[in-house]
Chemist: 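The structure under discussion is supplied below as C-alpha cells; questions concerning it will follow.
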Amino acid sequence: MTRVSHSTHPAPPPPPRRIALVLGGGGMKGFAHIGVMRALDERGIVPTLYAGTSIGAMLGAARLGGITADELAERATKLRRRDLFRLNHFGMLMERMRSPSIYLEDPLRDLCKAVVPEGTFDALSTPLLVNTVDLERGMPVVWGSPGLKDVPVQDAVYASCALPGFFPPGRVGGRLCIDGGVIDNLPVGIASLAADLIIAVDVGSNDLRPIADAMSLGFANIYMRAATTMMHALQQFPLTHWEGPPMVLIRPRCGEDWLSFSNIADTITEGYRAALKALEDIDAFYDQPGGVYPRRRFELDVDREKCIGCGLCVSLAPSLMGLDAQGKAYPRTRTTDWSPADGDFVQYCPTNAITARKIERIVPLKAGERGAA
C-alpha cells in the first residue's frame, strides 16, 4: 500500500509591509514632524521609505543620517531666527529687483550640512525621495527616484527648502531647483509606487482659518498666506481622489505662521498628539484596498436663512450637496463618513451656512473591509 506523503513545511511568511512616511513642507510648522517620528518610534513603526518636501525633506534626511527624534527636538528648540533668516542687504542694495532672494543662502546651507548626511542617495540605508521643482524647465524633479540618485543629498535638500524669493535656488545635478511645494507640497503619489501603506503628515495647508487684518501681516506673511492657499488647493485634488494604497493622513493643528520660532516645542508636542490619535487603529488600515484614514462620522446641516444659493458647495461636493427648487443648498445625505482630507466645502461657504458636526467615531475596520467614501 502506497503511503501518501503530506508536506510538513510551514507556509512562507508574508513579505514585510512597505511603509512610506511622507513629510510635507510648512516652514517652522514642519517641526511637528519630529513629534510624529517620536510617536512612530513608540509604536514600533519603521518606515521603509521616506519622502518629503522642504522641511519635511530635511527632517526625513536627518533621520536617515542617524539623528534621533529626541536629538532633532533638542536642535529645533535651540534654533533662532538669526540662525536661518539673514537679510541679503548687499544683494537687495546693489541688484534690487534682480536679486535672487531676500535672505542669504549660507545659513540655510549650513543648517543642511549640520543635519543632512553627506554623500549621494545611493549611500542611504533607506530610500529617500526629495521633492523639488526645476525652475528653468518648470517641472517637478524628485531626487532619489530611479535614475536621479547620483547627486548629493545635501544639495537636493537645500533646493527643496529654497522657497522662491526667500532663498536662492540651488543647483542639483546640473539643474536649478527650488522648493517642491510650488507644485506638490505632500508627495504621496510618487511615494505610493513603493508602498503598501502611506503615513502622510500635512503641516502646510490644513489650517486656513479666517484672519482679521491681513494687511498688517507684512509682505512676507501675505506671500505665505497666498502660497498656503495655493498649496492647499493643489494638494486637495490628489487626496480627495486618492486611488493609491491605504493612507493614514495626519494633520497637526499648528496654526498659520510658517516663520515663527516662538512655539517650536508646542509644535513638536502637537505633532506627537496628532500622530498618536491618527495611528490608534493603524492595524486595521494595512489590508484595506485603498482610501484615506482615519474616518469619522459627521452630520451635515444647512441654515436656509443664511444660504444665498451661490452653489459653491454643490460645485465642490456634488455627491453630498444639492440645490432645491428655491435655489437653497441642502445635504443629499444627513450623515457622511469623512477622512481628514474631506469636508473643505463646509468652510468655503461664504455665509457659513453649512455645519458639520462630528457625531461618533467610526468603528475600526476589519481586514478586507473598506471605509465608506
Side-chain angles (χ1 to χ4, degrees), residues 20-26 29-30 51-54 56-57 129 131-134 138-142 145 160 163-164 178-195 197-209 224-252 256 258 278 285 288-296 298 300 310-322 329 332 336-350 354 356 370-373:
L21 178 60
V22 182
L23 306 175
K29 297 193 298 179
T53 298
S54 195
L129 302 176
N131 189 33
T132 68
V133 169
D134 185 321
M139 57 178 283
V141 181
V142 182
S145 300
S160 188
L163 187 66
I178 57 174
D179 188 342
V182 170
I183 291 179
D184 187 359
N185 202 43
L186 191 68
V188 290
I190 189 71
S192 71
L193 300 179
L197 177 81
I198 291 177
I199 300 173
V201 189
D202 173 23
V203 296
S205 62
N206 61 303
D207 207 7
L208 278 171
R209 292 172 293 183
M224 291 311 305
R225 173 75 176 184
T228 301
T229 305
M230 176 192 69
M231 290 175 183
H232 181 80
L234 288 172
Q235 187 174 294
Q236 276 303 103
F237 185 85
L239 292 179
T240 55
H241 297 78
W242 182 247
E243 296 183 353
M247 180 197 307
V248 180
L249 180 58
I250 304 172
R251 281 183 158 170
E256 287 204 39
W258 288 50
F285 304 149
Q288 302 309 311
V292 181
Y293 305 92
R295 305 187 76 83
R296 303 289 184 260
F298 287 82
L300 293 174
C310 69
L312 181 60
C313 60
V314 181
S315 69
L316 293 173
S319 64
L320 293 174
M321 303 299 294
R332 296 185 185 275
T336 182
D337 298 337
W338 278 345
S339 79
D342 299 317
D344 262 15
F345 70 92
V346 174
Q347 66 186 29
Y348 287 171
C349 176
I354 308 172
R370 182 163 186 168

Chemist: Mark yes or no for whether N185, through its side chain, and G25, through its backbone, hold a donor-acceptor pair below 3.5 Å.
Modeler: yes
Chemist: Please report the shortest heavy-atom distance between G322 and R332, naming the atom on each side.
Modeler: CA-NH2, 3.8 Å
Chemist: Pick from T132, N131, T53: which one makes a side chain to side chain contact (heavy atoms under 4.5 Å, CB included) with D179?
Modeler: T53
Chemist: Quick one: does R295's side chain have a donor or acceptor within less than 3.5 Å of a partner on W338's backbone?
Modeler: no
Chemist: For the residue pair P245 and A195, what are the closest heavy atoms and their distance?
Modeler: CG-O, 3.6 Å
Chemist: Quick check for you: to the nearest 0.5 Å, what is the distance between W242 atom CH2 and L249 atom CG?
Modeler: 10.5 Å
Chemist: So, for V248 and A278, which heavy atoms are closest and what is the spacing to 0.1 Å?
Modeler: CG1-O, 3.8 Å
Chemist: Could you tell me the separation between the CG atom of D134 and the CE atom of M139, rounded to the nearest 0.5 Å?
Modeler: 6.0 Å
Chemist: Report the distance from atom CG of L320 to atom CG of L300, rounding to the nearest 0.5 Å.
Modeler: 6.5 Å
Chemist: Mind checking side-chain contact (heavy atoms from CB on, under 4.5 Å) for S315 and listing every partner two or more places apart, or none if nothing turns up?
Modeler: L312
Chemist: Apply the side chain to side chain contact (heavy atoms under 4.5 Å, CB included) test between T240 and each candidate in D342, L316, D344; give the one that qualifies.
Modeler: D342
Chemist: Quick one: closest heavy-atom pair of L23 and L186, and the distance?
Modeler: C-CD1, 4.3 Å
Chemist: Kindly indicate whether the side chain of P187, heavy atoms from C-beta on, has any atom under 4.5 Å from the side chain of L129.
Modeler: no
Chemist: Starting at CD1 of I199, measure out to CE of M247 and round the result to the nearest 0.5 Å.
Modeler: 11.5 Å
Chemist: Which heavy atom of V203 sits nearest a heavy atom of G26, and at what distance?
Modeler: CG2-CA, 4.1 Å
Chemist: Working to the nearest 0.5 angstrom, can you tell me the gap between I190 CD1 and D184 CG?
Modeler: 9.5 Å
Chemist: Is the ring pair Y293/F285 parallel, tilted or perpendicular, if the boundaries are 30 and 60 degrees?
Modeler: parallel
Chemist: Tell me every residue that passes side-chain hydrogen bond (donor to acceptor under 3.5 Å, both in side chains) with S54, counting only those two or more places apart in sequence or in another chain.
Modeler: none
Chemist: Measure across V22 and I198 and return the closest heavy-atom pair with its distance rounded to 0.1 Å.
Modeler: CG2-CG2, 3.9 Å
